[in-house]
Every structure is written in C-alpha cells, then in structure tokens.
Amino acid sequence: MARTAGDDDDDGPPPAYAAQRGPRRDPRLKDLGISCMLNTEVAALLAVIRRRPDPYSYLPPAVAAAEEATFAGLISSLKTLRGLLFQPRHGAWRCSDPSTYLTPFLDVVQSEEAPPAATGVALSSVLKVLRIDVFDECSPGARDAVHAILTALTNCRMERFSDTGAEEAVLLRVLQVLAALLRARAAPLLSDSAVCTAVNTCFLIVQHAASSRGSELLQRTARHCMHEILQAVFARLPDIRDDADADADADLALGGGSSGAGFGARCMVDVFNFLCSLLLNASDMVITPDGQGAFTSEEDVMLFSLVLVNSAVELGGEAIGKHAKLLRLIQDDLFYHLIHYATEYSPLVLSMICSTALNLYHFLRRFLKLQLEAFFMFVLLRVCGGANGPQLQEVAVEGLISFIRQPTFVIEMYVNYDCDPLLRNVFEEIGKLLCKAAFPATGPMTAVQLQAFEGLVNMITTIADNVEVDKAPDHDAYAVDVSEFRLFWTERWDSSSSSGGGAGAERETWVDFVRKRKLRKKKVAIAANHYNRDQKKGVEFLKLCHLVPTPPEPRSMAYFLRYSPGLDKNKIGEFLGDPDEFNLKVLKEFTETFDFTGAILDTALRTYLETFRLPGESQKIQRILEAFSERFFEQQTTGVFATKDAAFILCYSLIMLNTDLHNPQVKKKMSEEDFIRNNRAINDKKDLPREYLSELFHSISTNAITVFSTTAAAVEMTPSRWADLVKRSRAMEHFTPCDFKHKLSREVFIAVSGPTVATLAAIFDCADDEETLNQCVEGLVSVARIARYGLEDVLDELLCCLCKFTTLLNPYATTEETLFTFSNELKPRMATLALFTIANRFGESVRGAWKNVVECLLKLKRLKLLPPSVIDPEDGGGGGGGGGRGSERPGHRHRASTSDAGVIFPTTHRGAGTSRHVSGMIGRFSQFLSLDSGGESLLSVGSEFENNLKIIQQCQVGSIFKESGKLPDEALQNLGRALIFAAGGKGQKFSTPIEEEETVGFCWDLLALLASANLHRFANFWPPLLDCFNAVSQLPLFSPCPFAEKAIVALFRVAVRLLSAAAPPQRAVDTRVSEELVFKSINMMWKLDKEILDTCCEDISESIVKLLTEHAGGVQTPLGWKTLLHLLTVTGRHPETFDQSVVAMIKIMSDGGAHITRFNYAAVIEAAFGFAALKISPLDISTKILELMAESVNWLIQWHKSGYSDPGNSVGFSGSAASASSLEDASRMGNLAANMFIKLAEALRKTSLVRREEIRCQAVFELGRAFNLAAAGDLDFGPAGCLACFNLVIFAMVDDLTEKTLEYSRREGAERETRSMEGTLAAAAELLADVFVLLLPTLAQAPGFRTFWLGVLRRMDTCMKCDLAAGGGAGVMQELVPRMLKRMIMEMKAKEVLVPREGDELWEITHIQIQWIAPAVKDELFPE
C-alpha cells in the first residue's frame, strides 16, 4: 500500500489501534494475529523438517548438504512465506489469494521426501487456517485454494510411511482437514466432482483402517468424518436451486464457463447413489481373509450406510423433493432396500430402517405414497404380527408407535390409503394389529403387549384431541349419500370444481369427496363378498349401490375386477375368459389397466397373472393371453416382436414351459435348447434373439409363474413386483398431507372402534398395576370423547363394559361380598368413577346403556352408598325451575364445582374444549382415590363406609338427573325408560318387600327429578315414556301396588312443579300439552290398580288440594281439571280426607268462577255431584253444593253474553280432543250454552235419584231454579237445545223416578220409601210442567214438536199409572196430573200452539190422548 509523508510525521496522533477504546476491534489487529499464527506454523514446520533423527550424532558435511538439498525447495518456499507475513504492503489476509500462504504447506503434504512428522505439522497448519476462516468464498483465488487443498489430501502418499503409528497420525490429520474443508465458508466453491472425491477419499480411509487392522480410534474417526462430510454436503441442499437451474449451471461449468454456485445436487445424487450401493452390496464390503473389504459384517455395513442415509435425509429435508434424480433414488432404490433388508438382520438394523422410513415420511411423504404403503404392509405390519420373532416384533411395534406419534399420521393414513379404492386399508390394518398385539393373554403383559397398548392409547387420544368442534353437527349431517354413478376408481380431487369461493367451503367439499370415496370402497368390499358367493347378486348389488351404471359398462366392471380386494381370483379368471361379447369388452378394459412399458415379457406376464387365476379351459386361456399379448405388443419399447401374434405364441410357450418345469408329474423336463427350438420362426417367420429367449427360460426355471394355484401364499416384495410398484407410482396421485377434520376424524375411529373398545376393556379386566389401569381409563375416556359424536352404539358398549368392571352387577355375589370388593379393590372404584363421569359428560350420546347405569345406581342405593343430595327435592326443584325455562343459572354449568369430599371438578360444558377438561379431570383416576386431606390419604380417613361414600360423591351421580336439561330428547327418553323398567322390576331381584318398595320409590324419585329438570320440553320427551307404562304392566314379575302407588305420588310432585312454574306466553301451548301428559300418566297409574286410590288417598288429596287452592290458575287443560276433580271426588269418599276435599270443592265453586271455564265446567259439575251424592256428606254440605250448582247457571249466562271469552277460551286448546268434542257438540246442539247447561241439569237429575229424600227434593228444586235462572238471564237454548233439555234431563228424570217408584212399590215393607219416591216424582212431574210452560215459545218452533208433545203426554200417562200401581188409585198424581195437563194445554192455546187447523193433527192427537189420561178435564179443555 502507498504511504504518504504525513504517515511518518512524529507530531501526528498515535495510530488508531493504539488508542482502542470502544468494544470494536481493529481489523488490523486480527490480520496481525493471523500473521503471527502463520509465522508460528512456518517456524514449527521448518524445525520439524530440519530436525535430524539423532541431534547429538555427527553428520559429515557432505551428507548434511545432501539432506539440505533434499528439502531445499520446501524450505525455500516456507522462508519466502515467512518473509511476506509482516510486510506492511500485504493488506488484509481475507483479501489475499489463499494460495500464497497455503502452497508451502500443501507442498509438504504432497512431498514424497517429507518426514511423517512434517506432513502431520503441515496438515495441522492447513486445518488451523480452515478452522479460523482466514479466507472465505469471496477471497480471490478461493476456488483454486479449496481444490488445491483437496488435491493435496488425495495425493498424500501413505505407503512411504514405514511406521504404522506415524501413518495413523497422518490419516487422522487428513480426516480432520477433510471435515474442516467441507465445513469451511469456502466449501461451496468445491465442484461436484471434488465433493465426490472428498467422500471417496474418506471412504478409502475407512476401508484402509479396517483392512489394515487400524486402531479403534482411526476406524471410529474415519466413520465419524464420513458422517460429518455428508452432513456438510446435504446441509446445503435446501439452499440449492431446483433441477433446471442446477443443470444449467452444471452444463455451463462443463462447457468451460465458470459458475459461482459451486457444488450442487449432482454430487449429492452421486453420494446418495453410493450409499444405496452400500446397502445393495453389503456382502461385498465385508472383510475377507485376504484383507479386502471395510467392515466386519454385513450388519456393520447396513448400520454404517443407514446412519449416513438418515443424516442425509434429515439435513436435506423437504428440499430433496425439488430434485428429481435424488428423489428418484429414494423412490426406486432406497425404499426397496429398506423393505428387502428389514427382516434379514438384527433388531438394531430394523430400528435404523424404521427411523429412516420415519424421516422419509416426515419430509417426503408427498412423493412416496406407494412406497410407504409397501413399507407398512411388507415390513411393519408383518413384523409387528410376530412373523419374524419377538425381538424384531418389539422393535417393529416401537417403530410403528413412532409413526403414530406424528401429529397428522393417523388422519393422513386414513385419507391417503383407507379412502383410496386402489390401495390397502393401511390405517385399519394398523389399528387392528395394535389391538391384536395388545390383547392380553394368560399371565402378565409382555413388553410387546405394553408397547402396542401404549400405541393404541396414543392413537385414540390423538383422534379424540382433534375430533372436537364448537358445535356438534346434527346426526343426519354424518350421513353420506352416493346416489349417482361415478368412475371413482381413478377419480381425483379437483379443487376448481368445488362449489363456493371460500376456503372453508372448498375444504368441506374435499371432506365430502373423501368420505364418499371411502363409502364406495366399503361397498365395493361388500359387493366382492356377494360376488364371491353369487355372481348375479354381486352385480345387482353393484348396480344398487351405483358402483356400476345400469346396465353395467365394461370399464367400470373391469375396474371392479381389477382393484376389488378380497375378490375370488378364480371367479375373475372365469369371467374374463367367457366368450360373451360383454365379457370380451371387460377383458379388453381390464388388460388396459396395466402398464407394460419397458417391462420384459415374463415380468409383465407375472404382473398380469397375479391379479387372477387362469381358468382351466384352453379356449378361455387363449382369449386371455390374446388380450395380454395385444397390450404388451402395443407398449413394447425394444421392438423385439414384429407382430402381436409372436408375442401371443411366446406367451403360450412360456405358460407351457412353466407347467413343464414346475409340475412334479412331468418327469422329462424341457431344456433350454428345446425351448429355443420350439420358438423358432414365430416372429414374422423370423427367430427371436437367442439371448432374449435364454433370459426368459432362466427366469421361468428359477422363479415359477403362479398360474393355476388356488393357495393363498404370503406375497413377497420381489424385484418384478417392485418394478411394477415404481411404475404405478409415476402415475399415482401424490400423497395428500392434511390436518384432522371433524367428520373424517370420526370415521377414522369408526374403522377401529370395535377392536379398540374390546382390547381396552380386556386390558382393564386383566391388568392389576395402577399405571396400566390409568392408561386404560384414559383410552376409554378418549373413546367416549369421540363416540359422543353420533356413535351411540360404541358409547353404549363402552359403558356396559365399565358397568361390568364396577362389580356392582355381579349376580352371583352377595351384598356383603360386593361391598367388600368395592371397598378393597382399586379397579371397581376406578370403573365406577369413570362410568358416572362419562355418563355426566357425554350423556347426550348414551342410549341403551342407561339401563346398565341405572342398575349400578340402584345397587349403590342398596349398598347405602348414595348421598342424600342425589334426590334432594330442593336441588331438583332448582333444576326444574331452570330447566323449565330453558335457562341456566349463573355459574351453574360453566364453572368448576367442588364435591363434598373436597375434589375440584372442572367445567362440564359440552362444547369446545371438553376433551381437554375431561382428560385433565380424568387423567389419573387414582389421584381421586388418594387425595391428601390434612396430610392423610382419602383411603385412610374415617371408616370404610365413609371412604366409599366420598368416592361416590365424586361421581356426581345427581348431576346426571339435575343437569339432564342438556341431554337430547333421545338420550333423555332412554334414561327415562331405564328408570321406568327398573321401577317395574325388570332385571331386579328384591330380597324383601321393603327393599322392593324403596327401590321403586327411588326410581320414581329420579323420574320426578328428571321430569322437573326438563319441564321446558316435557311435551317432547314424555310421550314415548307413556308407552313404557303399558309395557311394564305386562312384565311377568310386575307388581302394580308399589309401582303405581309411588308413580302417582311422584307424578303429582311433577304436576305441582309444572303448574307452579310461570311459563312465558310463547310456551303456553307446550305447557298445556305437558299438563295433559302428566295427568294422562296419573290416570294410567291409578287405572293399573284402583286400590291405590285408597292406600295413598291422603297423599293424593294433599297434592290435589294444594293444586286447587294454590295453583288452580295454572291448570289449563280439560284433562287436568277432569283428573284433579275426579280424584278429589274419589279421595273425598274417605272420612279422613273428606273435610279437606269438600272444602277445596266449595272454594272452587265459591270464588265467583275465577278458575271455572267452559272447558272445566262439566268436570266441576260432575265433581260437585259426587260430593252432593255422598252418603257421608252432611245435609247442609250437600245442600250448599246443590245451591252452588244451580247458581253456576249465572256463569253460563255470563259466558253466553260475552261470546265465551272466558279465561279458558284460548286458541291453544282448539286442537285438544276435549275442546274439539265440546265445539262439535255445541254445533250439533245449537250453541255451547245449551250443552253446558245440560251437563248441569244431568248432574242434578242424577242427584234426584239418591237415597236421601231431602237431597232428592233439593236437587229437583235446584233444577227448577236453574231453568228459571237461565230463562231470566236470556240464556238462549234454541229449539234443539230445549228439546235436548227435556229428552236428556226432564224426561229421563221422570222416567227414572217412575221406575224407582214402581220398584219400591213391589217390595214388601217399603211403603215409606215408596211414598218418599212418589213425592219426588210429583215434584219432578210438576217441574216438567213448569219448564214446559217456561220454554213453550221456543219449543213450539222445533220441527219435532209434535213428537215431543206426545212424549210429554206419555210421561203424564205413566205418572197416572204409576200412582195407581203404587197408591191404589188415591195418590197425589191423580190430582196433580190433570192439573198440570190443564195448565200446559191452556198455555198452548194461549200461545196459539194448540188450535184446530186444517191438516194439523196436533189438536186431534191431544184430544184423543186426554180422553185416556185425564177424561175429567176433557170437556173443559175441548168443549164440543
């Protein structure tokens, strides 16, 4: 560098580096340090070169001069370098040509005269330069420098070293420099060939160290260096451009240009190919007796190469997929070696192979779809099945678990293989294999079983963690419909065809596409099963499932025969060989599914005949081989065959040769010459190449073609089969990486659900250690987390298994034995806790298993282990109140709850995140059983009974019922049915009547709690339970007394809560329907055994009185009123309940009609009649009730005038049966008022027939008062209504009293009763006349007045005759009847109803009848 005069000025400031103050170091100081280092290295090397073997011996000058001359060149170059080191004009070392300071050292390395020590020192100097990065890729001449270093290393002559120790020291230095060179910053400047040279040099040292019996240190160092070099090379792969750019740079470099990119993928391809060749030629690498080879055993070769391959894959990663040649090596060669050698060596080799395959899956699975399938089917699944011994099995299971631990492995296996109709069900096979391997046998579990069990739990937990959604879809959303034919075998997902522009819609469409493919694949398997049994049925099933069109099309049928798993190969051959036109078309399409491009004839024929069995008939064989030959001829690439006939003849000849060589019955075997001679001049009158025929002969002779065999031998991965797989992989769609989707995750589990539940249950049954039991419970809970999404049968099976493990349902154990087992064993308590936890958290998906859960609950009840809070009325009421309005109390569902035992339970929310909470809660069940409480274990605190009770409290049994408002209708109905049948005695065994009564009562308490918690949807879930009542009553051991008695009491509690809950107006209809259902159930119960109305009359009366006095306004249905009033009347018959019942009855009728409507009016009147007619009812009470009945006419008048706008006149009841019937009657009778009045009148009429005369007469009187009130209030009956009043009430009353009078008159000693009844009859007859006169204007308008009048006259005549029969002619009727007739006829005349008219027979008829009935008044009424 140029310097100025100012630089030497003594007055200037000191140099900048002399006043270094900041943290940054001056670059010149670093360069000075490098100069010092190089100076030291030069000095050391010069000293070693000049050093004599014996420094104290005399050396003649001539000899010394000769030695000096030998090293003169090396010494001179070193001195020259030392002279340049501290020159101020030198500048920065990084900007200098590295050859300046490397060449002297490299000359020493390559020198044949330099002593070993000097070579070692020179190598150390180069190593130091490389390690401290004296130069980098930007330094001038760096490319030549790194190549010079590599050249020097490869030219280092080791044979000149006589001392083995010195040679080994130099080799160690060479390895170190090689590794440092490939890791240096300038290493990318190396060319592809240079990198290959470096690898080859390192491998030569590996060989040399092994063959020359080098030290253990050298051998290990050489292998480690090989590993480091490969890591350095492949670590650069992600930064290398793709194949097109890399090839362009390489071509430029080969053409004389200069590419700045350095080595690229080409050298990596060569290196990787070298590693694959090590696997292929492992046997050649083993040390032979003559010292050749580099490894002690083939296993050593495999491990060495697999470690290197693994490192290359790990560092290359996904970048390998960008380079076709490198990827092709993995696809075509590496995977074949992995599959081929996996089972031939020790477990260590298999472990390395599994690790390599796992890395390949992780980085390159998109390009290895068929290869991965082959690895799983031919290696992992076979070895895991135990086919190669327990040691390899254990390693294989461990390798399989490593795959399962990958986050998306499970779903990707299912989507890419199980849902692909052309591939095997890999995931399903993995799941079943894990279940089979983990399934316990006799004795303790082996290591393989434990590993498989761990993998199974891990797999299920992964699915459970990913299946959850914020809101579960409806059950119908899981259905998949295949309603049209599509050639789905080769169909691929086309994202452009998805509907909707959003990404979410596209993903959903892809999910549907995958699910439909899987459904079709399942149906194909079913169709294959049908086809194997009956070909016609199989084809019909294919058409029915839209797997082939109607009529079948050749291509679809060909794909079915080609790709359907499990199809009978004999049937395929028979179908393809059939001469029918359709079969021939199918044969052509079937053959076109094969790709024979580049294949030799025997390989193609093997591939073709593997898919079916040749039929025995020669004509069929000919047709099949003709189709094959035509296809093979079209796709041949060598041009060996001139015509397709030549290919056909040779195919036939190969079949004959195969039979001749491999049939044991053929004694004289065909020779090679015979085979060649037999096939002369078949190629368009020319011979085929002899080499070609000879190759075919040897291939057939060493490996027979399976033609007619029907035995199902295990398929092995042969080279021909692998070649076909590689060819298919070129056209196969890529492996699809994907995440879990809800619907797909659910179907993933369905594929293995049955074996999984069975295996976990069996392990739980057999295991004794706590760790295994905890893992079992974790797996079972994960199953429940998945099964909650529409897999009710799986969840039911799971709960049934847990019920069994609780030991509560053991029919052979006594109560004491059950309690002892539960108290002293961990497994039953864990099962019980798991059972009720799952029922609590996932009860919405439980169906039939509620029966088992209820049975366990009842057994706990009998063992006195249930806390009182399970059926606490206050808790139930609270739940009912909240449930009745469909609301949640703050903090009730979405907060943690604390049990009485102090256990903190997380949220029970059934939405998003439930799995995390549940798994977190359940994770270790034993923790629940050993919680610290004041420093003592839960199991050691208190008595045995207290400990058991605390455990059951943690189950939160009551929450199942109190929080059942969250259950769907179907689950709720199943729970209700289970309780009803349990209450009915189904599956129950009672030791005493008291136990039966307690159990039935407990069941009905739970039912009441269940109903109270679901009042908001009572109308939906209760109707199906009504059918259970009839079913229960038909049970063989059904006892109606406790069942119906407890039922009525419980149902009345439900009714009280239902009627006391204020429903919003929009839910009024549902509330009324619910009310009808409750009272319908009550009616069904007491009808089962009417005696229960007597046995529990006090409870019934108390509930009814409470309803009528406190909640009468809540009763909205006619059925409710009818039931309440009817049962009130029934309970009023008992002296102990009469007083409170009659008070309630009078209160209802005395409240000004506040709760009486046109819908319950008839029921009120009927109940009032019941009380009025009671024998035990005092006279004043009966009189009061009859008066209230008569005064009720005022309500009818009020409703009539207001247009029936009473509280009960709501459109909500227009649909009920009772209101529809009432409206129909009103339409028929003329108006509703007349109908209700008739109900009242009929009740009074029936009261007029009681035994007590005072009540009878009072009833007749009140009836007359009722008619008068109706007339005074303008209650319009209409003609039809008036006629109905007479026909249904007055006429009936007169007729009944007449009959009663006659009946008493015929009895001996009944004169008093006769006179009493005669007096009532007279009052009734007088009432008839009064009402007739009162209603005459309306009656006269009736079309049937003539008939009606005849009826009146007939009753008068009957009264006269009755009086004659009873009183001997001196009774009151003889005076009363004529007077009443006179009054009625005179009124008729006054109203001009009875006047003589032409054509009117009424006058004549009346005249004639009067002559017979009362001739004394004839002249007065009908003067001549």
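It should be emphasised that the depicted structure is a prediction, and the values quoted were computed from it without experimental measurement. Below, each value reflects all heavy atoms present in this structure, side chains not excepted, and no hydrogens, waters or symmetry copies. This chain uses plain numbering: 1 for the first residue, then up along the sequence.
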With ring centroids as reference points, do [X] and [Y] lie under 6.0 angstrom apart?
X	Y	value
His546	Phe488	no
Phe376	Phe409	yes
Phe594	Tyr608	yes
Tyr531	Phe560	yes

Thr462 backbone acceptor or donor facing Asn466 side chain under 3.5 Å: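 Judged by distance alone, yes, a pair lies under 3.5 Å.
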
Main chain of Glu412, side chain of Asn416: is a donor-acceptor contact present, judged purely on distance under 3.5 Å?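 Here the side-chain-to-backbone pair exists.
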
Given Ile353, Leu360, Asn359, Leu358, the one that forms side-chain contact (heavy atoms from CB on, under 4.5 Å) with Thr356: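 The side-chain contact (heavy atoms from CB on, under 4.5 Å) with Thr356 is passed solely by Leu360 among Ile353, Leu360, Asn359, Leu358.
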
Is it true that [X] and [Y] make a salt bridge, defined as a side-chain N closer than 4.0 Å to a carboxylate O?
X	Y	value
Asp420	Arg517	yes
Arg785	Asp465	yes
Arg728	Asp724	yes
Lys518	Glu747	no
Lys432	Glu428	yes

Would you check if [X] and [Y] make a side-chain contact, meaning some heavy-atom pair closer than 4.5 Å?
X	Y	answer
Phe764	Leu773	yes
Cys276	Leu280	no
Val457	Ser782	no
Phe612	Phe590	yes

Which heavy atom of Ile240 sits nearest a heavy atom of Ala265, and at what distance?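 Ile240 and Ala265 have their closest heavy atoms at CD1-N, 4.0 Å.
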
Report yes or no: do Lys521 and Asn425 form a side-chain donor-acceptor pair below 3.5 Å?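 Their side chains do contain a donor-acceptor pair, which is all the 3.5 Å distance test asks for.
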
Pair Arg746-Glu468, salt bridge (Lys or Arg N to Asp or Glu O under 4.0 Å): steps then yes or no: CA-CA 9 Å; Arg746 175 180 174 274; Glu468 296 202 339; over 6 Å; no

